[in-house]
Visitor: 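Sending over a structure as structure tokens; questions will come in a sec.
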Amino acid sequence: MRHLGVLARIRLDDAEVERLTGQLDAIVDNIAKVSEVATPDVPATSHPVPLENVYRADVVGTPLTVAEVLQNAPDAADDRFRVTAILGEEQ
Amino acid sequence: MTDLTRLSAADLAAKLASREVSSVEATQAHLDRIAAVDGDVHAFLHVSEHALQAAADIDRRRAAGEELGPVAGVPLAIKDVLVTTDMPSTSGSRILEGYMSPYDATVVARSRAAGLVPLGKTNMDEFAMGSSTEHSAYGPTHNPWDLDRIPGGSGGGSAAAVAAFEAPLALGSDTGGSIRQPAHVTGTVGIKPTYGGVSRYGAIALASSLDQVGPVTRSVLDGGLLHDVIAGHDPHDSTSLDEAWPSFAAAAREGARGEVLKGLKVGVITELPDSGFQPGVSASFRASLDAMAAQGAEIVEISAPHFEYGVAAYYLILPAEASSNLAKFDSVRFGMRVNVPGGTVEDVMAATRDAGFGDEVKRRIILGTYALSAGYYDAYYGSAQKVRTLIQRDFTEAFEKVDVIATPTAPTTAFRLGEKIDDPLQMYLNDVTTIPANLAGVPGISIPSGLSADDGLPVGIQFLAPVREDARLYRVGAALEALLEDSWGGPLLDRAPKLGEVR
Amino acid sequence: MAKDKLMDFDAALELFEPVLGFEVHVELNTKTKMFSSAPNPADPANHTAGPNTLVRPVDMGLPGSLPVVNEQAVRYSISLGLALGCSIAPWSRFARKNYFYPDLGKNYQISQYDEPIAFEGEVQIELSDGTIIDVPIERAHMEEDAGKLTHMGGSTGRIQGAEYSLVDYNRAGVPLVEIVTKPILGAEHRAPEIAKAYVSTIRDIVRSLGISEARMERGNLRCDANVSIRPRGQEKLGTRTETKNVNSMRSVERAVRYEIQRQAAILAAGGTITQETRHWHEDTGMTSPGRPKSDADDYRYFPEPDLLPVVPAPALIEQLRAELPEPPVARRRRLKGEWGFTDLEFQDVANGGILAEVEATIAAGASPASARKWWTGEIARVANAEGREASDLVSPADVAALQLLVEAGTLTDKLARQVLEGVIAGEGTPQQVVDARGLAVVSDDGALIAAIDEALAAQPDVLAKIQDGKVQAAGAVIGAVMKAMKGQADAARVRELILERAAQ
Ligand SMILES: [Mg+2]
Ligand SMILES: [Zn+2]
């Protein structure tokens with residue numbers, strides 16, 4: 001569960017870990033249910049209405065202005081987004 | 001003067017077109033109504049400061065003799081899942097508080113182009129995860145029929161807004177029933193179009209392969225009018241269908257004449273158990289079928305053996321896609337940031353997502369992460385996608401025998417706020433009737449079928465049609481609506497308690 | 001950074017067998033990005049764009065945004081797949097690779113996973129001794145690039161020790177093709193050379209297709225080199241490392257050599273190799289450990305629900321196949337014959353990665369010999385000294401123009417080198433540099449004769465020697481005259497005139 005928290009970038013406290021661990025069973029139940037009919041001969045459907053080769057012509061559109069790009073930035077400097085250090089200490 | 005907020009969108013549009021009423025008057029009436037009742041209902045997260053200006057613009061253009069569309073000047077409520085340039089878009093989440101989009105969702109842009117006047121943004125379960133609107137970070141919406149009850153979800157705000165006469169039209173989004181189930185519990189009309197029939201561009205994604213934007217209204221015709229505005233191919237959405245859609249408003253008008261019921265084959269699913277359905281819901285459903293049969297419709301039992309696997313498949317696919325779609329909320333480019341003194345950006349992301357997401361969202365992200373993580377993709381997500389194939393086959397076979405399928409829209413009427421919030425499995429079961437349409441991509445409509453005899457609360461009937469046959473739903477829905485309103489002596493919502501007088 | 005122990009290369013090869021593998025990322029030079037209509041920074045038209053000026057909503061993962069595939073990028077990818085000898089998948093699709101990183105707007109990369117557009121190919125490369133080697137290709141798939149992080153604060157400007165980082169999403173969404181080889185066995189002592197030859201062959205292929213500028217120093221072409229070694233006689237492959245940040249052909253060669261020597265030293269001392277990414281440092285010529293492979297590498301791939309399958313029409317594939325340029329090895333053989341170079345001369349050009357430049361210079365009017373002389377001589381010298389790619393310094397058209405000025409007698413070789421310096425410094429075309437710097441040869445005999453007479457007068461003994469028939473004595477006068485003319489004279493003409501004056 002802690003590993004899932006790391007993968008999903010959500011800090012989980014002990015209570016949350018405990019509560020969520022119990023709920024993984026729901027997923028396991030769903031898997032068991034689905035497995036009853038999801039046999040190898042059944043193809044998977046990833047798009048409910050099948051389409052293919054949907055493309056855009058290579059024609060330049062209008063980019064956002066820098067002001068629009070940074071409009072909601074929690075922190076910015078030099079026309080870029082500013083984030084705190086990515087790795088704490090030298091490895 | 002008539003209360004402009006009680007008019008249907010179609011009637012209001014007619015008065016606007018004939019210049020009997022101005023858009024500013026109509027918009028002001030709705031803003032006044034919001035001011036009067038939304039303190040109780042809490043359908044809106046944001047009321048637009050630009051509505052009157054937009055309305056005045058429409059009036060000016062009409063006065064200048066400009067050819068305007070059929071709904072120009074009619075006010076519109078917009079679910080907060082849709083991004084807008086002139087109002088914040090939060091998707092009901094704290095993590096997006098105050099977020100301003102640099103672009104409009106395609107459906108919003110088309111609505112503006114059609115002259116609809118955005119009134120505000122409506123409340124919803126956070127990131128559209130829920131069936132009660134109780135999972136909004138900004139507090140629940142209350143059902144106008146009984147303020148102690150849920151308005152459904154995730155689009156409870158849009159449904160409550162039209163049910164409370166705060167707006168004649170609203171936009172919603174439906175991933176597993178989020179348009180249809182709120183319609184059911186609020187006595188309104190909700191349509192989930194064919195997947196790809198309406199653009200998803202600018203709809204903050206929950207589960208990309210299930211999400212669909214659609215109309216929330218008080219009548220089938222109004223639904224058709226709004227659907228006509230938002231439908232059609234959008235090059236910004238790869239999954240958008242390149243179709244020439246017929247006019248859904250025309251289909252509704254045609255259906256209201258009633259001939260469509262003669263010889264119509266209506267499928268009823270054998271496997272849907274009566275148990276689990278509230279008796280008043282079942283009774284209302286059967287009464288509607290009887291009314292249709294009396295007009296010459298043929299009720300046919302059909303088998304859909306894989307529908308019962310739908311909920312399990314849905315709760316594998318949805319969290320998986322959602323866990324990925326919601327990864328973008330990381331404090332870097334927009335939204336909340338929780339600083340962690342001495343921490344790295346990884347710590348900041350984790351702390352932000354912990355503080356910014358509600359429990360239900362965190363739960364589904366974690367479950368989805370689990371369902372996709374190392375080696376489980378095939379067993380989990382992949383198997384669930386196979387169930388979609390099986391459900392599609394059920395639909396295909398059924399539609400060889402019948403024109404539409406009918407179900408109660410949801411198993412129960414509106415439950416009390418807080419009643420089921422800690423029982424996620426029970427909440428999940430609420431979606432059993434609506435989910436198959438999202439898994440298979442077929443269109444669905446919910447219209448009021450009456451009040452439940454047990455509790456006097458609204459009940460909806462759902463019709464499903466084959467992919468691309470949305471117009472059929474408008475014909476059938478409008479026919480039954482006309483029949484029922486005849487028997488009731490007016491719209492069901494006329495029987496809703498007057499707000500402001502209930503307490 | 002602690003210094004790694006290295007084993008002598010030949011000694012390492014005696015004990016261990018190296019196994020190579022490469023992941024090369026090619027940025028396509030389409031007008032727009034892979035999934036948005038934002039201008040593509042890998043298109044030369046956009047090289048000077050400021051930060052965050054080439055961004056559409058999907059490039060920065062704005063809520064509600066959706067990707068739409070660039071058709072040209074798909075065609076380019078098919079062409080590249082075909083040029084790599086791959087089969088083109090009749091049906092492929094995109095997948096999401098989920099991981100959090102601030103340069104990734106959506107916190108997933110749209111890539112291809114188990115269904116790449118091209119698979120199972122083979123690329124012929126030629127080594128300096130003419131040996132041809134087949135490099136087996138596992139797959140080539142389409143994906144999008146990430147944005148650019150700049151690490152601020154701290155002493156090094158590197159990620160370690162930085163206080164904060166700045167993110168620019170211009171590069172986010174640039175179309176990439178990632179080419180993955182199968183393990184390359186039997187490389188032996190030629191492993192470093194194979195590495196370089198492979199990457200330069202990929203560069204030649206994408207340039208001849210016209211689908212990428214393929215400039216390593218600009219990141220258009222990026223190579224991750226996988227290196228493992230195994231004790232002689234051992235069946236099982238050793239643990240590999242993946243060296244990133246290798247930004248030049250020369251570095252590819254050096255990095256592979258370094259890793260072989262480093263791993264050999266560890267294994268010989270009884271240690272074990274850690275599976276990890278390593279970073280190549282151009283300045284020190286060393287690699288340093290990056291992130292070890294960990295739990296965080298669980299990418300949770302799943303089919304991208306916002307995009308649809310890529311199902312290229314067989315007719316399109318055949319059309320693109322018919323349009324393929326000549327493969328690099330065949331092209332080299334042909335050019336060698338056409339140009340009449342000796343083996344050694346041709347290798348000089350080919351190994352310098354300047355085949356295309358020499359070819360274009362010849363096409364612009366220079367003789368093969370002079371084109372070769374410029375590119376392997378003065379231009380290569382400057383490139384080496386400045387640590388840049390020769391092709392970046394000057395255009396083939398300018399080199400041909402320079403050579404024509406020499407042949408017309410406007411420039412001496414020495415003057416021409418000065419003009420080249422001006423061209424490299426961005427002062428304009430050769431003619432513009434000649435004009436601006438006033439570097440043309442003094443072809444006015446009157447001025448030369450005046451200088452000669454002055455020099456002869458100053459050295460009467462030399463004049464006597466010349467008149468005595470000791471013609472080589474003229475050299476001293478030539479030197480004086482050239483000095484007086486600041487080098488802007490044709491030495492041969494000066495010599496002729498000296499002999500004429502002395503005879504009078
Ligand atoms: Mg890679
Ligand atoms: Zn890659």
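Residue numbering restarts at 1 for every chain, and letters A, B, ... go by the order of the sequence lines. All values below were derived from every heavy atom in this structure, side-chain atoms included, with hydrogens, water molecules and symmetry-related copies excluded.
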Visitor: Find the one option among Val467(B), Leu439(B), Asp359(B) whose heavy-atom pairs under 4.5 Å with chain A are most numerous.
Guide: Asp359(B)

Visitor: Heavy-atom distances under 4.5 Å only: say whether Ser240(B) touches chain A with side chain, backbone, both or neither.
Guide: backbone

Visitor: Is Asp75(A) salt-bridged to Arg82(A), going by a charged N under 4.0 Å from an acidic O?
Guide: yes

Visitor: Specify which of Gly98(B), Gly335(B), Ser208(B), Ser383(B) makes the most heavy-atom pairs with chain A at under 4.5 Å.
Guide: Ser383(B)

Visitor: Based on non-hydrogen pairs under 4.5 Å, which of Tyr195(B), Tyr370(B), Tyr309(B) is most in contact with chain A?
Guide: Tyr309(B)

Visitor: Between Ser46(A), Ala76(A), Ala67(A), who has the most heavy-atom pairs with chain B when the cutoff is under 4.5 Å?
Guide: Ser46(A)

Visitor: Check each atom of Leu70(A) against the heavy atoms of chain B and say whether the ones under 4.5 Å are side chain, backbone, both or neither.
Guide: neither

Visitor: Which bit of Leu64(A) is near chain B, if near means a heavy-atom gap under 4.5 Å: side chain, backbone, both or neither?
Guide: side chain

Visitor: List for me each residue that meets salt bridge (charged side-chain N to carboxylate O under 4.0 Å, His left out) alongside Asp14(A), sequence neighbours excluded, and say none if there are none.
Guide: Arg2(A)

Visitor: Check whether any side-chain heavy atom of Ser93(B) lies under 4.5 Å from a side-chain heavy atom of Val361(B), and answer yes or no.
Guide: no

Visitor: Between Glu321(B) and Tyr381(B), does any side-chain donor sit less than 3.5 Å from a side-chain acceptor?
Guide: yes

Visitor: For residues Asp431(B) and Tyr315(B), is any side-chain donor paired with an opposing acceptor at under 3.5 Å?
Guide: yes

Visitor: Return the option, out of Ala351(B), Ala313(B), Ser323(B), with the maximum number of heavy-atom pairs under 4.5 Å with chain A.
Guide: Ala351(B)

Visitor: Based on non-hydrogen pairs under 4.5 Å, which of Val387(B), Thr389(B), Val348(B) is most in contact with chain A?
Guide: Thr389(B)

Visitor: Applying a criterion of heavy atom separation less than 4.5 Å, what residues of residues 47-56 of chain A form contacts with chain B?
Guide: His47(A), Pro48(A), Val49(A), Leu51(A), Val54(A)

Visitor: Measuring from atom NZ of Lys386(B) to atom CG of Asp41(A), what distance do you get when rounded to the nearest 0.5 angstrom?
Guide: 7.5 Å

Visitor: Kindly assign one of parallel, tilted or perpendicular to the pair Phe395(B) and Phe307(B), based on the angle between their ring planes and the thresholds 30° and 60°.
Guide: tilted

Visitor: Do Glu126(B) and Arg94(B) sit within salt-bridge range, that is, some charged N less than 4.0 Å from a carboxylate O?
Guide: no

Visitor: Report which part of Ala327(B) has an atom under 4.5 Å of a heavy atom belonging to chain A: side chain, backbone, both, or neither.
Guide: neither

Visitor: Is there a side-chain contact between Asn325(B) and Leu206(B) (heavy atoms, below 4.5 Å)?
Guide: no

Visitor: How long is the gap from OG on Ser35(A) to NZ on Lys33(A), to the nearest 0.5 Å?
Guide: 11.5 Å

Visitor: I'd like to know if the side chain of Asp80(B) pairs up with that of Thr90(B) as donor and acceptor (distance under 3.5 Å, no hydrogens or angles considered).
Guide: yes

Visitor: Evaluate the side-chain proximity of Leu210(B) to Tyr314(B): yes if any heavy-atom separation is below 4.5 Å, no if none is.
Guide: yes

Visitor: Name the region of Ser209(B), side chain, backbone, both or neither, that has any atom closer than 4.5 Å to a heavy atom of chain A.
Guide: both

Visitor: For chain B, which of Thr65(A), Val83(A), Val34(A), Leu12(A) has the most heavy-atom pairs under 4.5 Å?
Guide: Val34(A)

Visitor: Shorter than 4.5 Å, heavy atoms on both sides: which option in Val69(A), Val37(A), Asp13(A) has the most such pairs with chain B?
Guide: Val37(A)

Visitor: Sort by residue number and list every member of residues 231-239 of chain B having a non-hydrogen atom under 4.5 Å from chain A.
Guide: Ser238(B), Thr239(B)

Visitor: Look at the rings of Phe329(B) and Phe127(B) and say which category their plane angle falls in: under 30° parallel, 30 to 60° tilted, over 60° perpendicular.
Guide: tilted

Visitor: Given a strict heavy-atom distance threshold of 4.5 Å, which part of Thr39(A) is in contact with chain B: side chain, backbone, both, or neither?
Guide: backbone

Visitor: Rounded to the nearest 0.5 Å, what separates atom CD in Gln71(A) from atom CZ in Arg333(B)?
Guide: 15.0 Å

Visitor: Using a distance-only test with no angle check, is there a side-chain donor-acceptor pair under 3.5 angstrom linking Asp104(B) and Thr84(B)?
Guide: no

Visitor: For Arg393(B), what residues pass the salt bridge (charged side-chain N to carboxylate O under 4.0 Å, His left out) criterion, not counting sequence neighbours?
Guide: none

Visitor: Under the side-chain contact (heavy atoms from CB on, under 4.5 Å) test against Asp347(B), which residue among Val340(B), Val338(B), Asn339(B) passes?
Guide: Val340(B)

Visitor: Tell me which of these, Gly382(B), Gly368(B), Ala350(B), Gly441(B), has more heavy-atom pairs under 4.5 Å with chain A than the rest.
Guide: Ala350(B)

